Amino acid sequence: MYSDKKNINILTALLLKHKVDNAVVCPGSRNAALVHNLNQTGEIKCFPVTDERSAAFYAIGLSLSQDCVPVAVCVTSGTALLNMAPAVAEAWHRNIPLILISADRPRQWIGQLDGQTMEQQGALGTFVAKSVTLPEPEGEEEEWMCQRLVNEAMIAARKDGGRPVHINVPVSEPLFCFICEDLPQVRPVCHYECDDCRSIVEWMHHQLKFYHKPMVVFGQIANPSEVPDFADNVRQLSKHAVVLYESLSHPVDGVCRIDEALCQIGDDKDYYPDFIVYIGGNLVGKRLKSFLRKAKAAETWIVTPDGELHDVTMSTTMVIKADARDFVKSIQLPENDNEPSDYVRKWNTLLREMDMKACLYEPSFSQMLAVKYFEEQFEDMEYDFSVHYANSFPVRLANIFADHYVYCNRGVNGIEGSLSTAVGHSADTSQMVFCVIGDLSFFYDQNALWNANMKGNLRIMLLNNSGGAIFGTLNGLADSPVANSYIAAHHNTEAQGICTQNDIGYLKATNVSEMRIGIVRLMTAETNRPLLLEVFTDRNDDLRAFKEYFEHIRK
């Protein structure tokens, strides 16, 4: 029988999955359930050592005897952890992967004059590659977090030639309740690091043939148009799997109508994948993230340049350390002589249907119409261009209308700095650089225009509806009496004065006709100074157009 503590059982199960065969265990009451579990597995050999400082060096010897395999050391709470510090420093400098497991008091009792209690998270400082404190799970999401943290630590232990890591385990009383017959089902995450992506791409091809419902999802990546054959490789990949992307990656021509398709799918399990390859960084769409997280049974690979576990799907089974563009560039899949699978065909049919419906929708005067008309003009433009979209409502409109790569500060998804980033981009390129930005982002970052290096290639479309439109899409927020004034930051500010003081050409639009004329002038006017078009809309009209768009899609 195992302990009744979920975090201890999850840790024990994942140590087994990650092939940790040896553990040095030290005496104590707070870590008793941990020691009990390790011994109870029958697969982990336990070596009792009373002195923690000696125990950690003992673990180094065990690791060295087997070509530096990971070895666990389990200690009780308090200064027992600090006693391992000399050995941990030694392991750090010799690339020895010790798994340092410390029992701890519950978080609420730290610093409350409780016995054998100190701040244990981070206590080993820079001599560990990773330090995590497991939650005491009370729900499914915390159980996922607990598994994720253990997997992060185990991945870090094996990276960079091997490093010590610290797993801190709070344990609430009662401590000695051994009632669980079995360890939980857990999901170990493998780590693959390669200088040449071809071998892992070959394995991916094998997986694409093995699974019946493969899907490739692109998060944000650096501009793929700069990489030769990138689009051709993605098209080749799309013959073997469903390929989904947003404007922040845009690997091939065409808008991928993900949100629209997911509105139609609902809970239809036939559309869920059984194998996911997630390439790149952040996604904008909450619907897509939610959809991927519901595909719990899918094997999932995450391709990320830092090799860290970013478990977007909550079902990751492998982390591949590789640049997204290098990974795709390495794809050399055979031509698919057969018809696409039923799964790929089903998805492609739905996406085409959504695209046809989207193209037929004509919004009323709103930010949606402004972005639609703006994007349509690029079909006739013969110059090179780059387009930055600010976060919040603008980037969501980009995902609906932008048939090209879009720059966006999506790393943290803040409203600050979008204008400054576009200004910096325009300073060192001959391209036309556009920035489509909402009013709160613009006025927050207006000092970006207090700059002597701006040129006539900088063009700004400011969407001003006197507040944060995105807040109107959040269910339940309208019930608050301060939703408009405090939360959505209602204002009556205009940009003309800012443009005047910074020598920026200013255009204004308050209706459809002025908007169309203004957008054409914004995109075609020859000028040596930046140009800004401020499109004034009503926030209720903006929200209505956005809502009607998805109602039109669902018909």
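Here, residue 1 is the first one in the sequence, and each next residue gets the next number. For clarity, every value in this text was computed on a predicted model and none was experimentally measured.
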Exercise. Between Asn37 and Asn9, is a side chain to side chain donor-acceptor pair (under 3.5 Å) present by the stated rule, with each step listed?
Worked result: CA-CA 7 Å; Asn37 264 27; Asn9 289 344; 2.7 Å; yes
Exercise. In chain order, what residues pass the side chain to side chain donor-acceptor pair (under 3.5 Å) check against Lys296, with sequence neighbours excluded?
Worked result: Glu140
Problem set entry | Spatial distance of atom NE2 (His310) from atom CD (Glu152) [nearest 0.5 Å] | 8.5 Å
Problem set entry | Any donor-acceptor pair under 3.5 Å from Arg257 side chain to Met356 backbone | no
For this session: For salt bridge (Lys or Arg N to Asp or Glu O under 4.0 Å), just list the numbers for Glu260 and Lys357, CA-CA rounded to whole Å, side-chain angles, deciding distance to a tenth of an Å, and then say yes or no.
Result: CA-CA 9 Å; Glu260 296 86 338; Lys357 286 187 174 183; over 6 Å; no
Exercise. Do Glu246 side-chain atoms and Gly285 backbone N/O form a donor-acceptor pair below 3.5 Å?
Worked result: yes
Problem set entry | Value rounded to 0.5 Å, distance of CG in Asp323 from CG in Asp306 | 11.5 Å
For this session: May I ask you to decide if Pro340's main-chain N or O and Arg345's side chain share a donor-acceptor pair within less than 3.5 Å?
Result: yes
Exercise. Does atom NZ of Lys289 have more than 12 heavy-atom neighbours, drawn from other residues, nucleotides or ligands, at distances under 6.0 Å?
Worked result: yes
Problem set entry | Ile553 vs Met354 side-chain heavy atoms within contact, under 4.5 Å | yes
Problem set entry | Atom CD of Glu138: over 12 foreign heavy atoms under 6.0 Å | no
Exercise. Side chains of His18 and Asn151: donor-acceptor distance under 3.5 Å anywhere?
Worked result: yes
Problem set entry | Nearest heavy atoms of Ala295 and Pro273, plus distance in Å | CB-CD, 3.9 Å
For this session: Quick one: pull up CD1 in Ile10 and CG in Leu15 and give me the separation to the nearest 0.5 Å.
Result: 12.0 Å
Problem set entry | Greater than 12 external heavy atoms within 6.0 Å of Glu141's CD | no
For this session: Could you check Asp311 against Arg293 for salt bridge (Lys or Arg N to Asp or Glu O under 4.0 Å), going step by step and ending with a plain yes or no?
Result: CA-CA 10 Å; Asp311 196 1; Arg293 288 167 187 171; over 6 Å; no
Problem set entry | N/O donor-acceptor pair under 3.5 Å between Gln220 side chain and Cys408 backbone | yes
For this session: Please check if any side-chain donor atom of Ser102 sits under 3.5 Å from a side-chain acceptor atom of His166, or the reverse.
Result: yes
Exercise. For the side chain of Asp326 and the backbone of Cys197, is there at least one donor-acceptor N/O pair under 3.5 Å apart?
Worked result: no
For this session: Starting at OG1 of Thr41, measure out to CG of Asp21 and round the result to the nearest 0.5 Å.
Result: 9.5 Å
Exercise. Is a side-chain N or O of Arg30 found less than 3.5 angstrom from the main chain of Val171, in a donor-acceptor match?
Worked result: yes
Problem set entry | Test: Arg287 cationic atom under 6.0 Å from Phe550 six-membered ring centre, within 45° of axis | yes
Problem set entry | Expected output: side-chain Asn39 to main-chain Cys46 donor-acceptor under 3.5 Å | no
Problem set entry | Verdict with supporting geometry, Glu193 and Lys159, salt bridge (Lys or Arg N to Asp or Glu O under 4.0 Å) | CA-CA 9 Å; Glu193 187 170 340; Lys159 287 172 63 176; 6.0 Å; no
Exercise. Once you round to the nearest 0.5 Å, how far does CZ of Phe401 lie from SG of Cys359?
Worked result: 9.5 Å
For this session: Quick one: closest heavy-atom pair of Val35 and Cys26, and the distance?
Result: CG2-O, 4.2 Å
For this session: Looking only at non-hydrogen atoms, find the nearest pair between Arg410 and Asn391 and report the distance.
Result: NH1-OD1, 2.7 Å
For this session: Would you confirm whether Lys5, through its side chain, and Ser172, through its main-chain N or O, come within 3.5 Å as a donor-acceptor pair?
Result: yes
Exercise. Between Asn399 and Val255, what is the shortest heavy-atom contact and its length?
Worked result: O-CG1, 3.5 Å
Exercise. Hey, is the main chain of Val69 close enough, under 3.5 Å, to the side chain of Ser63 for a donor-acceptor pair?
Worked result: yes
Problem set entry | Listed once per pair and sorted, the ring pair (Phe, Tyr, Trp, His ring centres under 6.0 Å) pairs that draw on residues 248-280, sequence neighbours left out | Tyr211-Phe275, Tyr245-His250, Tyr271-Trp347, Tyr272-Phe291, Phe275-Trp301
For this session: List in chain and number order the residues that pass side-chain contact (heavy atoms from CB on, under 4.5 Å) with Glu362, two or more places apart in sequence or in another chain; answer none if no residue qualifies.
Result: Leu369, Lys372, Arg516
Seminar exercise, completed: When rounded to the nearest 0.5 Å, the distance separating CG of Leu262 from CG of Leu288 is 6.0 Å
Exercise. Counting distance only, does the side-chain N/O of Thr313 pair as donor-acceptor with the main-chain N or O of Ser315 below 3.5 Å?
Worked result: yes
Problem set entry | Exceeds 12 heavy-atom contacts within 6.0 angstrom, atom CZ of Arg198 | no
For this session: Identify the heavy atoms of Phe327 and Ile320 that sit nearest to each other, and give their distance.
Result: CE1-CD1, 4.4 Å
For this session: Please name the pair of heavy atoms, one in Val344 and one in Ser238, separated by the smallest distance, quoted to 0.1 Å.
Result: CG1-O, 3.8 Å
